Q: 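Please see the structure below; I have some questions.
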Number of protein chains: 2
Amino acid sequence: MIIVKKHDLLRKELIKQFYYGKRLTLTELSKLTHKSLPLVTNTVNSLVEEGYVQEHGLAPSTGGRRALSFLLSDQLQRYIVAVAIDQLVTQVVIYDMMNKIMITPESTEITLFKDDPAVLTEITGFIKNYIVRSGIPAHQILGVGIGMPGFVNAVEGINYTFLKPDGDTSLKKHLATELGLPVFIDNDSSLIALAELKFGVAKDLKDVLVVNVGWGIGLGMVVNGSLFRGHTGYAGEFSHIPLSATNKICSCGKRGCLEVDTSLLVMIERAKAEMNNGTSSSMEKLYKKKGELPADEFLQAARAGDPLAVSIISDAAFLIGKGIATLIHIMNPGLIVLSGSGAIAGKILMAPIQQAINEFCIPWLAEQTEIEVSQLAADAKLLGSATLVIENCNFN
Amino acid sequence: MIIVKKHDLLRKELIKQFYYGKRLTLTELSKLTHKSLPLVTNTVNSLVEEGYVQEHGLAPSTGGRRALSFLLSDQLQRYIVAVAIDQLVTQVVIYDMMNKIMITPESTEITLFKDDPAVLTEITGFIKNYIVRSGIPAHQILGVGIGMPGFVNAVEGINYTFLKPDGDTSLKKHLATELGLPVFIDNDSSLIALAELKFGVAKDLKDVLVVNVGWGIGLGMVVNGSLFRGHTGYAGEFSHIPLSATNKICSCGKRGCLEVDTSLLVMIERAKAEMNNGTSSSMEKLYKKKGELPADEFLQAARAGDPLAVSIISDAAFLIGKGIATLIHIMNPGLIVLSGSGAIAGKILMAPIQQAINEFCIPWLAEQTEIEVSQLAADAKLLGSATLVIENCNFN
DNA sequence: ATAAACTTTATAATTTTTTTAAAAACTTTT
DNA sequence: AAAAGTTTTTAAAAAAATTATAAAGTTTAT
């Protein structure tokens, strides 16, 4: 039988608040957790005794008696392993509880293919190796958070699209036994939204949609201040809504999907094709030399103002904007965030998106929604994975 | 100063549960309200003393001691005025607390036009007259619930599209002073969704979308078991998402809106045009005689299998289905309900909608969502208005 | 400048609510 | 028909939220 401490739930909630809010007073904590001050006071005191939390002087005056402030103890040796898997690259990093990078991040090029057991072995080995080399003992690691594309059931810990382990075990369980650590997995777009909600422009907002511009177009939804997953966990399948007029067939087998014309993969293919057709571009030299065009270089060229890259991104962005117009009508969000690795080209995305919104949105509705580019951008992925651990681990 | 009774919140919640659940035991109420049994027991007892609730024998056995059951007192003389306003007709009815019709419903043909103060006066007079003639004293009326199309801010009680009163007062306040009763207003599609959630096929479900098939196509959204309104209250503006390939300009000024091809108004216009062009139909006789084609007759003809009506509805339904495919991708709902007055033609709608879903949805996602036709259909509107009163009034 | 008035936080006392335990009422099984 | 098992009801104990009071710090007025 597992004995659960009395204040355990509030204890967890308080640690989370310290993780998100850094330096907090008892009154603030009471409001954030919707618990009474005496109860919060007692629980924080026991957290201080435990060594988890420490006093940190008086908070700035607000016109009356100054409050004591608290934060997570700097003696606290607890770390989080954050993993971001995408179609081509797997990244891993170890953060401390202040979201400071403890161990230099590493990445490896592993292409995600359906039903190939070797890929899972490779990724597992990569993560395990990184953790072992970090030298951090297992009892100081709160857990491993993993974000990945595909239809992910976060509760069951199953990815129905990629990395299916042999037998009837779930990916989560499989990794947990392989790594000897608690493992939590979720859809990459959901985690990016979580990162934006806790640390980004969406902080403390209630109704936000986060568009993940990356290899595909993903969507993470925040409803009533928390992640919305839908009836069975697959809400936000934005990239396959019927929008485009093209006849190209999507990987999902349907026609007209948003993804066909807006994924970074397609954009790069188009750039290469145009260069092969003789269109000149600053990317030419690199492309001719390597025979490839990495996404980073493509985005970099666009930021530097390369006409070809800018024009390709603009075309895609207009279609994304048409999709966003649909989202605004249905969800009436307060804010839409452009995030994910593609958000580095945020400024270029904004104009055509705004144009599409003007064309396809009822003005009255469009007015109610702000559109912003993420500050976190490429960091959102890993930060989201870390947040997933904090949201689900047990802090012992 | 207003003195608020201690148990007031729980008291209200319990009365609501009795309204929705009819006959309930203390244990059931405890679970429904998430309050402890002793507390619920005390509060129900005081409700019995008050005369609001009465004991009603033992509940059916569940294998142990049989529980006492309670229901709203049959001596309780409390009534609800439910009003449903649409583009052409305004209906009103008085229900008792068992949703039984107390006074024969009445309706009047008042066309809703923007910024014409006479319309508001007319509608106000119609409602007032109905209430006065009912002979029910004001103190027995819990409130007046009104559902109407347009951009409605339910909290402020303002309809930004229709029925704007002179001066800086809100529609809600204006009607409340005119009628001398508490008034609550909301968007018609939201109220239809509320009716389906509390009394229809969506009862007790968590993630449901209710499509209001009527003069336009509306959408009421249920997220996490309660009505979702979005950041500023206008979520579910389904009918103006960019979908259709036609070039017809919508009333909103944009092209490609779902509404252009799917509203009942447009369907009837098309039927009339086809008949003028010589297409034979069972509706011909009536149309020639009246020079008009009422919606009821059109829907009736479709149900009776008239080929013209069926074909027109089927074409519209396919487009609605395309819109529903988008909704399934974004929201991943457990259930989509076809409701509103057009749901009478539910069987005819189903086939083309299902076809569109097959064509535009990822099969894996489509599997997770049920599509059902409402049982309430035309009653949903007024039932929703009544529910709005129950959700917001003070039961005194 | 200094004291009074006002704010805000911290702690103690009280009340409310929940949790746990025990008793009562009814079913089902042996 | 009695015993064992359920479920509801009532009672006692524990936990938590309110309310009240005290303490600490700011601002305002003299």
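Model, not experiment: these values are computed from the prediction.
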Q: Specify the separation, in whole Å, of atom CG of B/Leu68 and atom C1' of D/dT10.
A: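 Going from B/Leu68 (CG) to D/dT10 (C1'), I get 13 Å.
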Q: Taking only residues two or more places apart in sequence, or in another chain, which ones meet A/Asp207 in a salt bridge (Lys or Arg N to Asp or Glu O under 4.0 Å)?
A: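 Testing A/Asp207 for salt bridge (Lys or Arg N to Asp or Glu O under 4.0 Å), a comparison that skips the adjacent residues, returns none.
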Q: If the condition is ring pair (Phe, Tyr, Trp, His ring centres under 6.0 Å), which residues does B/Tyr20 pass it with, not counting sequence neighbours?
A: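 With neighbours one apart ignored, the set is B/Phe199.
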Q: Between C/dT15 atom C1' and B/Asn42 atom CG, what is the distance in whole Å?
A: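 That distance rounds to 14 Å.
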Q: Between B/Glu55 (CD) and D/dT9 (C1'), how many Å, whole number?
A: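 It works out to 12 Å between those atoms.
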Q: From the list C/dA10, D/dT8, C/dT11, which nucleotide is the closest neighbour of the side chain of B/Ala67?
A: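 Output: D/dT8.
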Q: Would you say B/Thr369's side chain and B/Pro333's backbone share a donor-acceptor pair under 3.5 angstrom?
A: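 Answer holds: yes.
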Q: Can you list the residues that meet the salt bridge (Lys or Arg N to Asp or Glu O under 4.0 Å) rule with B/Lys16, with sequence neighbours excluded?
A: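 With sequence neighbours excluded, B/Lys16 shows a salt bridge (Lys or Arg N to Asp or Glu O under 4.0 Å) to B/Glu391, given in chain and number order.
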Q: Atom CG of B/Leu39 and atom P of D/dA12: how far apart are they, to the nearest Å?
A: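 To the nearest whole Å, that distance equals 18 Å.
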Q: Could you check B/Met331 against A/Phe228 for side-chain contact (heavy atoms from CB on, under 4.5 Å), going step by step and ending with a plain yes or no?
A: CA-CA 9 Å; B/Met331 300 297 295; A/Phe228 174 70; 3.8 Å; yes
Q: Name every residue in residues 22-37 of chain A that has at least one heavy atom under 4.0 Å from any atom of DNA chain D, in order of residue number, or write none if there are no such residues.
A: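 Contacting residues: A/Lys35, A/Ser36.
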Q: Please report the shortest heavy-atom distance between B/Leu47 and B/Leu14, naming the atom on each side.
A: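 Result for this residue pair: CD2-CB, 4.1 Å.
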Q: Please collect all salt bridge (charged side-chain N to carboxylate O under 4.0 Å, His left out) contacts where either partner lies in residues 34-43 of chain A, sequence neighbours excluded, each pair once.
A: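 Passing the test, one end in residues 34-43 of chain A: no pairs.
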Q: Is there any protein nitrogen or oxygen under 3.5 Å from a nitrogen or oxygen in nucleotides 23-25 of chain D, and what are the pairs?
A:
unit_1: D/dA23; atom_1: N3; unit_2: A/Arg65; atom_2: NH1; d: 3.3
unit_1: D/dA24; atom_1: O4'; unit_2: A/Arg65; atom_2: NE; d: 3.4

Q: Under the 3.5 angstrom rule, does the side chain of B/Thr177 hit a backbone N or O of B/Lys173 as a donor-acceptor pair?
A: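 Yes, B/Thr177 side chain to B/Lys173 backbone: donor-acceptor pair under 3.5 Å.
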